[in-house]
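In listed order, ligands and their atoms are each counted from 1.
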Amino acid sequence: MLSSGTFTAKLIKKSKVSRDAYSFYFERSPAFQFLPGQYIKMTLNIENPDERGNSRFFSIASSPTEKDFMMITTRIIQSSFKKTMAELKQGDEVSIRGPYGTFTLDETEVRPLAFLAGGIGITPFRNMSVYASHKKLKNKMTLFASYSTFQDAIFYEELKSIAQDNFKFIVTITKPDPDWKGETGRIDIEKIKKHIENPQESVYYIAGPESMAQSMSEIVKSMGISENQLKIESFPGY
Ligand SMILES: Cc1cc2nc3c(=O)[nH]c(=O)nc-3n(C[C@H](O)[C@H](O)[C@H](O)COP(=O)(O)OP(=O)(O)OC[C@H]3O[C@@H](n4cnc5c(N)ncnc54)[C@H](O)[C@@H]3O)c2cc1C
């Protein structure tokens, strides 16, 4: 297990990655080691924070193999934390504690891996998928990502570009434009059975806003998938 610590990190850049989501790239010291899928706690200097305070948790969206930066991705909605985050400039420092978590890619797993992402829940899977691609892992993986509109589809081009024989990437859109050619509607049993070769034997990783994570885990459990085949990372606040 890697030990966690607290450190300050400088913002290198931020970039808009969907209608309301931004990726924040921070300098990464070689001492900061983490496993694909882990998260950090970020603390900002906020003069008058709202009742939720000046810290939030974020999955690390960059892979451990991306040595020059550590990236997190979030939707900027209304909290004082997010407003302060949106105003961060290149060179500004934030406090980071971590890494934390057991929602991690098990490279030794021989069963197929099924990743189910609801919206912003794509973040830990971007980390794991890029890691698997860089390391040329042989694990069989299927990443399902569900978004309301295509304009919300964070990392779409990048993940499509690394999809290959042992890494399938399926996007489903609940409010599609007429020209969307892919899957539509929520992730459901039918889609899981259609795209996942061996659904009963797979290990399921589910990440997303609380209500989405809960409904996806209910779907998977209703297929008779046992607790030891299921890992969940649920994001509060959405
Ligand atoms: C392990 C982990 C990983 C995460 N990864 C990401 C990520 O990659 N990207 C990302 O954008 N977000 C992630 N989150 C969620 C993140 O920490 C924020 O909660 C979220 O981004 C919303 O922040 P906010 O400031 O916009 O709203 P918040 O102020 O956090 O939340 C808005 C409202 O939601 C409710 N709420 C929030 N938190 C709680 C709670 N704990 N219990 C009950 N009610 C609550 C409150 O009513 C609050 O007013 C993660 C959370 C966890 C625990």
Hey, what polar pairs (N/O, under 3.5 Å) does ligand 1 make with protein?
residue  : atom   : partner : partner atom : Å
ligand 1 : 5 (N)  : Ser59   : N            : 3.0
ligand 1 : 5 (N)  : Ser59   : OG           : 3.4
ligand 1 : 8 (O)  : Ser59   : N            : 3.3
ligand 1 : 8 (O)  : Thr123  : OG1          : 2.8
ligand 1 : 9 (N)  : Thr73   : O            : 3.0
ligand 1 : 11 (O) : Thr74   : OG1          : 2.6
ligand 1 : 11 (O) : Tyr238  : OH           : 2.4
ligand 1 : 14 (N) : Phe57   : O            : 3.2
ligand 1 : 17 (O) : Phe57   : N            : 3.2
ligand 1 : 17 (O) : Phe57   : O            : 2.6
ligand 1 : 19 (O) : Arg52   : NH2          : 3.3
ligand 1 : 19 (O) : Pro236  : O            : 2.8
ligand 1 : 21 (O) : Lys82   : NZ           : 2.8
ligand 1 : 21 (O) : Tyr238  : OH           : 3.1
ligand 1 : 23 (O) : Lys82   : NZ           : 3.3
ligand 1 : 25 (O) : Arg56   : NE           : 2.9
ligand 1 : 25 (O) : Arg56   : NH2          : 3.2
ligand 1 : 25 (O) : Ser79   : OG           : 2.4
ligand 1 : 26 (O) : Lys82   : NZ           : 3.1
ligand 1 : 29 (O) : Arg56   : NH2          : 3.1
ligand 1 : 30 (O) : Arg52   : NE           : 3.0
ligand 1 : 30 (O) : Arg52   : NH2          : 2.6
ligand 1 : 30 (O) : Arg56   : NE           : 3.1
ligand 1 : 38 (N) : Arg52   : NE           : 3.1
ligand 1 : 38 (N) : Arg52   : NH2          : 3.2

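A side-chain donor-acceptor contact under 3.5 Å links Lys82 and Thr74. A donor atom on one side chain and an acceptor atom on the other are found under 3.5 Å apart for Ser226 and Gln229.
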- So Phe144 and Phe125, ring pair (Phe, Tyr, Trp, His ring centres under 6.0 Å) or not? Walk me through it. CA-CA 10 Å; Phe144 258 106; Phe125 298 126; over 10 Å; no
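Under the 30°/60° scheme for interplanar angles, the aromatic rings of Tyr39 and Tyr100 are found to be tilted. Between Tyr205 and Phe115, the ring-plane angle classifies as perpendicular under the 30° and 60° cut-offs. Classification of the Phe169-Phe167 ring pair by plane angle, with boundaries at 30° and 60°, yields parallel.
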